[in-house]
Amino acid sequence: MCGIVGIVGQEPVNQRIYDALTVLQHRGQDAAGIVTYNHGHLSLRKSNGLVRDVFATRHMMRLSGNSGMGHVRYPTAGSSTSAESQPIYVNSPYGITLAHNGNLTNSEELTQELFQADRRHINTSSDSEVLLNVFAHELSLCNNLKLEPEDIFKAVSGVHKRCKGAYAAITILNNHGMICFRDPHGIRPLVFGKRETDKGVEYMVASESVALDALEFKMVRDVLPGEAIYIDFDGNFHSKQCAENPQYNPCIFEHVYFARPDSVIDKISVYKARLRMGEKLADKILKERPDHDIDVVIPIPDSSLTSAVALAHIIQKKMRHGFVKNRYIGRTFIMPGQQMRRKSVRQKLNAISLEFAGKNVLLVDDSIVRGTTSEQIIQMARDAGAKKVYFASASPPVRYPNVYGIDMPSATELIAHNRKVVEIEKEINADWLIYQDLNDLVETAAEGNTEIKRFDTSVFDGHYVTGDIDEAYLTRLENRRNDMAKVNQESAANDSMNDGETLMGLHNNS
């Protein structure tokens, strides 16, 4: 999962892109990057780390221009080295930079195809580099030095025909403008807005609407599945549907966990969807245990807070903040090793004993992935004096890996994979475990936008909306994603960096 933002403006954008990336920091803490365009010159700064750590004053001064884009990243199934941080660049044709959120499910086949048929070499394991080179090749088929909007839309159509999986992308085409496009299923989110200024209209595209809000852009709408938007550097806006058979299948896990509650994605308020998750979960609790002995509801900060508020209200029990969160620790389920995850949970949360002592507590979380965090939090509640510890998940059991850009672990690392709820309950040492039903979860999101007939719910039911995922693919994914493989990839990448390996591409302001 990553966060992307792009602006075609009338005044310098370096600080505004920086500000937008800080708003989207929850979508990736591994690396950050910004590219700006200034009269035919592209300037880039990217590196590993948080936004605040990657950009110093000297970098910001070099990022000149009224248009640009940015990216925050965490790794999907590869290493977390700066070699794969974004935006990325290819010089032919025209000079193109790209920032991408998602994951191509046919990147291995495309890598071979690009080399054998298109004579393009992929230098990293990043599927974003594959996507960029596919787009670059499709653009190269146009013989016009000055591209027309139809030439660009034809190239995006070529991308849709060749690329499978999830992708929301922003590109800057040197001397032309900014192009944004979304995969034909609309799995990953992308919205755009505009702002009227004394100098003219400015346009902004981002992963979430909160980035538009922060920069005082008025949201226009979501980029539709399969749609491409082209805004030239003169501020002219063009859009076109570029997919032959677009479907609306957005990822429901955005509403469960990833997106900020103050975002609106695909016309659905994330906040309202999470309120409804809490309501549905409360109804299930009252149905299964009408005579429950819950004394207090305690959310596990932060993404479960909204659901917990609604749940506590319906079961008529007080809600208390029993955990204090250290906000300088990253999200634990994406951390590379089990030992690091275990250590980080204790650093991330601390229990307020007076809220637990002598009580039967219901802990509420957005989801349970590996179960490592849940097990430790339950133990923390017991250590703080809780008599009984119940655990409620606002989403169903996560039983299958995500292939569309969320670094959920391999199937064997998922605590719910091939386990019944009572077995999971025992594994995490809960006195009672209750999950949201999948139909109820879908209803919580669908109520916000009746135009969406099907969400991507693959992590819960194993049904992958792109239709190209089989057991062989999942086996290959398993081999890439297990913890030991990640350690080996990281070690190999660091060795190559230490050996002085350099990457060709746009100059990096360091």
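Start at 1 with the first residue, then count along the sequence.
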| Are S43 and Y37 close enough that a side-chain donor and a side-chain acceptor fall under 3.5 Å? | no

| note | Those residues at least two apart in sequence (or on a different chain) that pass side-chain hydrogen bond (donor to acceptor under 3.5 Å, both in side chains) with K164 are none

| message | Using 0.5 Å steps for rounding, measure from the CD1 atom of I252 to the CD1 atom of I268. | response | 8.0 Å

| query | Between C180 and L190, what is the shortest heavy-atom contact and its length? | reply | CB-CD2, 4.2 Å

| Does any N or O in the side chain of R73 come within less than 3.5 Å of the main-chain N or O of S85, such that one atom is a donor and the other an acceptor? | no

| Residues which pass side-chain hydrogen bond (donor to acceptor under 3.5 Å, both in side chains) with D456, listed by chain and number, not counting sequence neighbours | S458

| field | OH-CD distance between Y473 and E478, expressed to the nearest 0.5 angstrom | value | 13.0 Å

| field | Non-neighbouring partners of E216 that pass salt bridge (Lys or Arg N to Asp or Glu O under 4.0 Å), sequence neighbours left out | value | none

| request: Indicate whether the side chain of N14 and that of T36 have a donor and an acceptor atom separated by less than 3.5 Å. | output: no

| message | Is the ring pair F455/H255 parallel, tilted or perpendicular, if the boundaries are 30 and 60 degrees? | response | perpendicular

| note | With sequence neighbours left out, the residues meeting salt bridge (Lys or Arg N to Asp or Glu O under 4.0 Å) with R195 are E11, E202

| Under the side chain to side chain contact (heavy atoms under 4.5 Å, CB included) test, residues paired with D19 that sit two or more places apart | Q15, L215

| message | Enumerate the ring pair (Phe, Tyr, Trp, His ring centres under 6.0 Å) contacts for residues 136-173, please, sequence neighbours excluded, ordered by first and then second residue. | response | H160-Y167

| message | So, taking the atom named CD in Q112 and the one named CG in N106, what distance separates them when rounded to the nearest 0.5 Å? | response | 12.5 Å

| said: Under a plain distance cut-off of 3.5 Å, with no hydrogens placed, do D366 and S303 share a side-chain donor-acceptor pair? | reply: yes

| Flag, side chain of N174 to backbone of G40, donor-acceptor distance under 3.5 Å | yes

| Residues that D302 engages under side chain to side chain contact (heavy atoms under 4.5 Å, CB included), provided they are two or more places apart | K325, R327

| query | For the atom pair OG (S47) and CZ (F55), what is the distance rounded to the nearest 0.5 Å? | reply | 9.0 Å

| query | Among all residues two or more places apart in sequence or in another chain, which pass the salt bridge (Lys or Arg N to Asp or Glu O under 4.0 Å) test with D266? | reply | R182

| field | Sequence-distant partners of R162, side-chain hydrogen bond (donor to acceptor under 3.5 Å, both in side chains), two or more places apart | value | E113, D118, E138

| Partners of A472 by side chain to side chain contact (heavy atoms under 4.5 Å, CB included), sequence neighbours excluded? | D470, R476

| Taking atom types as modelled and ignoring hydrogens, do the side chains of E129 and T124 form a donor-acceptor contact shorter than 3.5 angstrom? | yes

| request: To the nearest 0.5 angstrom, please state how far the NE2 atom of H176 sits from the CG atom of L147. | output: 4.0 Å

| message | Checking N245 against Q247: is there a side-chain donor and acceptor pair closer than 3.5 Å? | response | yes

| field | Check against salt bridge (Lys or Arg N to Asp or Glu O under 4.0 Å), K218 and E196 | value | CA-CA 9 Å; K218 182 179 180 180; E196 302 280 350; over 6 Å; no

| task | Please identify each residue that fulfils side-chain hydrogen bond (donor to acceptor under 3.5 Å, both in side chains) with T475, with sequence neighbours left out. | result | none

| request: Without swapping roles, check the side chain of Q29 against the backbone of Q25 for a donor-acceptor pair under 3.5 Å. | output: yes

| Should the ring pair F258 and Y74 be called parallel, tilted or perpendicular, given that the plane angle runs from 0 to 90° and is split at 30 and 60? | parallel

| query | Can you list the residues that meet the salt bridge (Lys or Arg N to Asp or Glu O under 4.0 Å) rule with R188, with sequence neighbours excluded? | reply | E254

| Does any donor atom in the side chain of N133 or R120 lie under 3.5 Å from an acceptor atom in the other side chain? | yes

